[in-house]
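Taking it in order: structure first as structure tokens, then the write-up.
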Amino acid sequence: MRAAVVAAPRGLRRFFCTNSSSASPSFPFIPSPPSSATPAPARQMADPNTNLFVSGLSKRTTTEKLREEFSKFGEVVHARVVTDRVSGYSKGFGFVKYATIEEAAKGIEGMDGKFLDGWVIFAEYARPRPPPGQPVNDNAPQYGRQ
DNA sequence: CGTGAGCGA
């Protein structure tokens with residue numbers, strides 16, 4: 001099913017941005033942040049953290065399988081496949097928490113765009129999540145709203 | 001519709 005390839009989020013950057021050599025032999029960096037408008041929404045990927053967001057999982061992929069696959073690239077502190085409380089089935093994505101950021105990067109580079117249960121999975125840094133310790137306050141929305 | 005975009009009880 002090529003639908004999985006079409007439904008790829010930001011993970012397809014690897015296929016188009018096949019950089020490696022002959023990138024920019026003149027400018028190692030880009031010293032032009034405030035050019036004119038904001039052509040860089042920076043919404044491609046969240047900040048590097050030990051939390052990983054894995055998408056493209058098969059419906060039959062469970063937390064154990066996810067932890068097993070990601071444990072090969074580093075020590076997985078916590079892994080969870082998001083499932084519905086009422087139905088009980090997987091939502092098709094999950095989260096993997098590594099011990100360090102380097103291991104998280106290894107997990108992304110090692111499992112992003114790979115196959116799992118016959119489906120192409122995509123791994124990237126997860127977004128920050130509000131801790132469940134704070135009780136309800138005003139209708140203050142989360143900062144992670146796009 | 002367990003037929004596929006996405007961020008978690």
Side-chain angles (χ1 to χ4, degrees), chain A residues 1-21 23-24 29-30 32-146:
Chain A
M1 294 145 183
R2 54 185 178 268
V5 186
V6 182
R10 291 80 78 177
L12 288 179
R13 51 191 164 74
R14 307 180 58 188
F15 298 97
F16 295 100
C17 192
T18 54
N19 61 336
S20 291
S21 54
S24 47
F29 293 96
I30 306 178
S32 56
S35 32
S36 49
T38 51
R43 63 186 175 186
Q44 189 176 36
M45 182 179 289
D47 298 332
N49 46 9
T50 56
N51 233 11
L52 256 60
F53 171 67
V54 186
S55 53
L57 297 176
S58 180
K59 303 298 178 158
R60 61 208 97 190
T61 306
T62 177
T63 305
E64 304 175 346
K65 181 72 181 217
L66 191 69
R67 183 174 221 155
E68 271 185 51
E69 293 300 314
F70 278 81
S71 294
K72 300 185 298 187
F73 299 94
E75 182 171 330
V76 178
V77 181
H78 183 221
R80 164 187 354 312
V81 172
V82 180
T83 52
D84 193 83
R85 276 282 105 164
V86 296
S87 28
Y89 294 107
S90 302
K91 291 184 179 178
F93 62 93
F95 292 89
V96 176
K97 177 86 176 291
Y98 275 102
T100 56
I101 304 182
E102 355 178 296
E103 292 177 331
K106 288 293 183 181
I108 293 181
E109 294 297 323
M111 292 300 298
D112 181 39
K114 298 303 173 62
F115 281 90
L116 189 58
D117 268 350
W119 283 87
V120 186
I121 69 175
F122 294 100
E124 56 183 320
Y125 297 105
R127 297 172 180 164
R129 219 205 122 166
Q134 296 293 332
V136 294
N137 279 341
D138 308 333
N139 51 344
Q142 306 167 192
Y143 46 86
R145 186 171 185 176
Q146 61 179 10

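Every chain is numbered from 1 and lettered A, B, ... according to where its sequence line falls, protein lines coming before strand lines. Every value quoted in this text rests on a predicted model; they were computed, and no experiment measured them. The figures that follow rest on heavy atoms only: side chains count, while hydrogens, waters and symmetry mates do not.
- Counting heavy atoms of neighbouring residues, nucleotides and ligands inside a 6.0 Å radius, atom CG of D47(A) does not exceed 12 of them.
- Residue-level contact check: S87(A) touches neither bases nor backbone, having no heavy atom under 4.0 Å from any strand.
- In this structure, Y89(A) atom OH and dC1(B) atom P are separated by 12 Å, rounded to whole Å.
- For the pair I121(A) CD1 and dC7(B) C1', the computed distance is 16 Å after rounding to whole Å.
- Each of dG4(B), dA9(B), dC7(B) was ranked by its minimum atom distance to the side chain of F95(A); first place goes to dC7(B).
- Heavy atoms of L52(A) sit nowhere under 4.0 angstrom from any nucleic acid atom.
- Distance, D112(A) CG to dG6(B) C1': 14 Å, rounded to whole Å.
- Minimum atom distance to the side chain of R85(A) is reached by dA9(B), of the listed dA9(B), dG6(B), dC7(B).
- Panel note: side chain Y98(A), backbone F70(A); a donor-acceptor pair is recorded below 3.5 Å.
- Here dG2(B) presents its C1' atom at 12 Å from CG of D84(A), a figure rounded to the nearest Å.
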Yes or no on side-chain contact (heavy atoms from CB on, under 4.5 Å) for V54(A) and F122(A), after CA distance, side-chain angles and deciding distance? CA-CA 6 Å; V54(A) 186; F122(A) 294 100; over 6 Å; no

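- When heavy atoms are screened at a 4.0 angstrom cut-off, G94(A) is found touching no nucleic acid atom at all.
- In this structure, of dA5(B), dG6(B), dC7(B), it is dC7(B) that holds the atom nearest to the side chain of E124(A).
- Mapped onto DNA chain B by nearest heavy atom, N51(A) and S58(A) fall at different nucleotides, with S58(A) at the one closer to the 5' end.
- Taking atom NZ of K59(A) as the reference point, atom C1' of dA5(B) lies 10 Å away to the nearest angstrom.
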Mind listing the side-chain donor-acceptor pairs of residues 57-66 of chain A below 3.5 Å, one per line with the distance, residues two or more places apart or on another chain?
unit_1, atom_1, unit_2, atom_2, d
S58(A), OG, R60(A), NE, 3.2
T61(A), OG1, S58(A), N, 3.4
T61(A), OG1, D117(A), OD2, 2.9
T63(A), OG1, V81(A), N, 3.2

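- With distances taken from any side-chain atom of F53(A) to the nucleotides dG8(B), dG6(B), dG4(B), the minimum falls on dG6(B).
- Distances were taken from every side-chain heavy atom of K91(A) (C-beta onward) to each of dG2(B), dA9(B), dC7(B); the shortest belongs to dA9(B).
- Here the C1' atom of nucleotide dG2(B) and the CG atom of L57(A) are 14 Å apart, to the nearest Å.
- For dG8(B), the OP1/OP2 oxygens have no side-chain nitrogen or oxygen of K97(A) closer than 4.0 Å.
- The CG atom of L52(A) lies 7.0 Å from the OH atom of Y125(A); values are rounded to the nearest 0.5 Å.
- Look at R127(A) and you'll find a side-chain N or O under 4.0 angstrom from OP1 or OP2 of dC7(B).
- Ranking dG6(B), dG8(B), dT3(B) by closeness to the F93(A) side chain, first place goes to dG6(B).
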